[in-house]
Protein chains: 2
Amino acid sequence: MSWRKEERRAERGYHHGNLKEALLQAALGLIAEKGAAGFTFADAARMAGVSAAAPYRHFRDRDELLSSIAQRGFEQFEARLTAAWDDGRPDTVTAFERVGRAYLAFAREEPAFYNAMFESGLPVDANAALQAASERAFNVIRAAAERLAALAPPGAPRPPAMMMALHIWSMAHGVASLFSRGDAARRKLPMSPDELLEAEVLIYLRGLGFPTERRPQAKSAEPPPVPPEAPSGSGVPPGGPWGKPK
Amino acid sequence: MSWRKEERRAERGYHHGNLKEALLQAALGLIAEKGAAGFTFADAARMAGVSAAAPYRHFRDRDELLSSIAQRGFEQFEARLTAAWDDGRPDTVTAFERVGRAYLAFAREEPAFYNAMFESGLPVDANAALQAASERAFNVIRAAAERLAALAPPGAPRPPAMMMALHIWSMAHGVASLFSRGDAARRKLPMSPDELLEAEVLIYLRGLGFPTERRPQAKSAEPPPVPPEAPSGSGVPPGGPWGKPK
DNA sequence: AGCTCATGTGAACGGCTTTTACATGAGCCG
DNA sequence: CGGCTCATGTAAAAGCCGTTCACATGAGCT
């Protein structure tokens, strides 16, 4: 197999042709394997079949490659959250929970992106484009929270949508960081991270007085009536959001 | 100032006397400054005034030093959470929220420990002692949740204490990670991380049907009556847990 | 065909981690 | 007190990484 390098060189010639992309892909794989801390610029170059100095033609330094990956991650993240939200269909609460699950799914299925985005220790404001991408992703949650806030039961003071969005974000991020990723997933739990987060969000929404049942809503007209008997029993499946304790 | 090294050597002689401790302290300072990723074994040695090879007499490798710090961190963390809980005085809900604030305070005031414990990327199960220390810290939250669960309003199904503990942990960790530490703290927020977490926990507890007012409770006898008018107004300060929207 | 400039190479520097052979001296034993 | 021993520290070296620099290559334009 020692002809590999020469052959690769012969195949591609002196110039790679698409090195930037190849480096991003290589780095993605390496980060998925060994984490952002273990990832090495030289390794990525080797994997792409170029010398250790070549990457510097495309990235100022290792950090810039990392933050490029983080930026892409935020873009894909935004796309997945947007798809999960699906403009609040079929009803706001259901869609909202789907966003929560999408958050966890992303953390689980794209560990490299998630790592670069949230665990690589690179400063949020290092790159203006990065920060913007991060904000766009958050804005999906924020917009969803706004729709949800608009459905708040009348009478009670309306919760600020921004606060709700931050709360949901912190729940999803907390569960993902602690229980849903790599080594952390090895902590033994009585339930899956998905179930854990779903219950958490349901209880939270109930605390805000929302009906937490899932059924189609009027488009955006009158909010469904809150059962007058007591919000604590409103529409939650029997046993509450956490199922029956055995 | 170039006599410094020789003088230090003269002061301490060939043997340091307390190198292990000195290295831990040096590492703590370095991690606080530059994060666990930027921290360097060689730097710690330099700071302690010894050669780069000396640390290997006390730690198998860099990771072992890191996990020693994480372990100490979990011990101090446990102590602070235990103090905050204060065995549920003056009432369970108040004490519970104090635990939440203690979580954030620790993340803020001991960034080096927090970093080593949660952000250094070292596997949770690398070290049995580390894992045990981590579990002891979590058990404080768990025990508090158990006391809280015992106060659950009668009639409704009782929430599993373990689940509550995990929920609270994820909220505190999410807020700390996203908003309360280093670079992340630079995200602009409409409220302080402490307020954010407090509101989050209050809403969550209300979602479980808990009275979220703060007033002395009977020792552990009958839970205070839930005002029959509506849990959504029960004891929460005017404006709800989030203050008045302006 | 010739030129130019983006892209890739190899060598070199300094720094880090870890290992190895050797140095030192604190504490114990006789 | 004298000598031994072993924990603790040192210097040197190997191997890796990030980064820079002068130089090579060849794709695309004129």
Side-chain angles (χ1 to χ4, degrees), chain A residues 4-27 29-31 33-69 116 120-123 126, chain B residues 4-27 29-31 33-69 116 120-123 126:
Chain A
R4 205 98 217 8
K5 190 174 176 183
E6 297 75 24
E7 202 225 10
R8 279 251 282 282
R9 174 80 78 92
E11 271 171 10
R12 72 165 169 85
Y14 191 87
H15 290 284
H16 182 289
N18 198 15
L19 184 53
K20 187 162 188 171
E21 194 51 37
L23 286 172
L24 286 166
Q25 292 304 326
L30 289 169
I31 294 173
E33 268 180 51
K34 308 185 289 185
F39 146 74
T40 223
F41 218 26
D43 249 340
R46 213 167 298 139
M47 192 157 303
V50 297
S51 76
Y56 290 86
R57 296 296 176 193
H58 299 276
F59 301 96
R60 195 173 347 86
D61 55 18
R62 183 179 170 284
D63 269 11
E64 197 184 274
L65 171 51
L66 218 55
S67 80
S68 287
I69 289 185
S120 63
L122 50 80
Chain B
R4 205 100 220 354
K5 190 174 176 182
E6 296 77 23
E7 202 224 12
R8 277 251 284 281
R9 176 80 79 91
E11 271 171 9
R12 70 165 172 85
Y14 191 87
H15 290 284
H16 182 289
N18 198 16
L19 183 53
K20 186 161 187 169
E21 195 52 36
L23 287 171
L24 286 166
Q25 292 304 325
L30 289 169
I31 294 174
E33 268 181 51
K34 308 185 289 185
F39 145 74
T40 219
F41 218 28
D43 249 340
R46 213 168 298 139
M47 192 157 302
V50 298
S51 76
Y56 289 85
R57 295 295 177 194
H58 300 276
F59 301 97
R60 196 172 347 86
D61 56 19
R62 184 178 170 284
D63 268 12
E64 197 184 272
L65 171 51
L66 218 54
S67 80
S68 286
I69 290 185
S120 63
L122 48 80

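Residue numbering restarts at 1 for every chain, and letters A, B, ... go by the order of the sequence lines.
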Detail all sub-3.5 Å separations between protein N/O atoms and N/O atoms belonging to nucleotides 25-29 of chain D.
from, atom 1, to, atom 2, distance (Å)
dT25(D), O2, His15(A), NE2, 3.1

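One can place CD of Glu64(A) at 11 Å from P of dT19(D), the figure rounded to the nearest angstrom. Atom NZ in Lys34(A) sits roughly 12 Å away from atom P in dC16(D) (whole-Å rounding). The distance from atom CG of Leu23(A) to atom C1' of dG18(D) is 15 Å, rounded to the nearest whole Å.
At the phosphate of dA7(D), neither OP1 nor OP2 sits under 4.0 Å from any side-chain N or O atom of His58(B).
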Show the atom names and distances, to 0.1 Å, of all donor-acceptor pairs under 3.5 Å that link a side chain in residues 18-26 of chain A to residues at least two apart or in another chain.
from, atom 1, to, atom 2, distance (Å)
Glu21(A), OE1, Arg72(A), NH2, 2.8
Glu21(A), OE2, Gln25(A), NE2, 3.2
Glu21(A), OE2, Arg72(A), NH1, 3.1

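In this structure, Gly17(B) reaches the sugar-phosphate backbone alone: every heavy-atom distance under 4.0 Å involves primed, P, OP1 or OP2 atoms, never a base.
In this structure, Ile31(B) and Ala36(B) approach most closely via the heavy-atom pair CG2-N, 3.8 Å.
Annotation: the span from His58(B) atom NE2 to Ser68(B) atom OG amounts to 12.0 Å, rounded to 0.5 Å. With rounding to the nearest 0.5 angstrom, the CD atom of Glu64(B) is 11.5 Å from the OH atom of Tyr56(B). Between the CG atom of Leu65(B) and the CZ atom of Phe39(B) there is a distance of 4.5 Å, given to the nearest 0.5 Å.
Partners of Ala126(B) by side chain to side chain contact (heavy atoms under 4.5 Å, CB included), not counting sequence neighbours, listed by chain and number: Pro123(B). Annotation: side chain to side chain contact (heavy atoms under 4.5 Å, CB included) contacts of Asp63(B) (sequence neighbours excluded): Asp61(B). Looking at residues two or more places apart in sequence or on another chain, you find a side chain to side chain contact (heavy atoms under 4.5 Å, CB included) between Ala53(B) and Ser51(B).
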Completion exercise
Under a 4.0 Å heavy-atom criterion, the protein footprint on nucleotides 11-21 of chain C, written with B, S and -, is -----SSBB-B
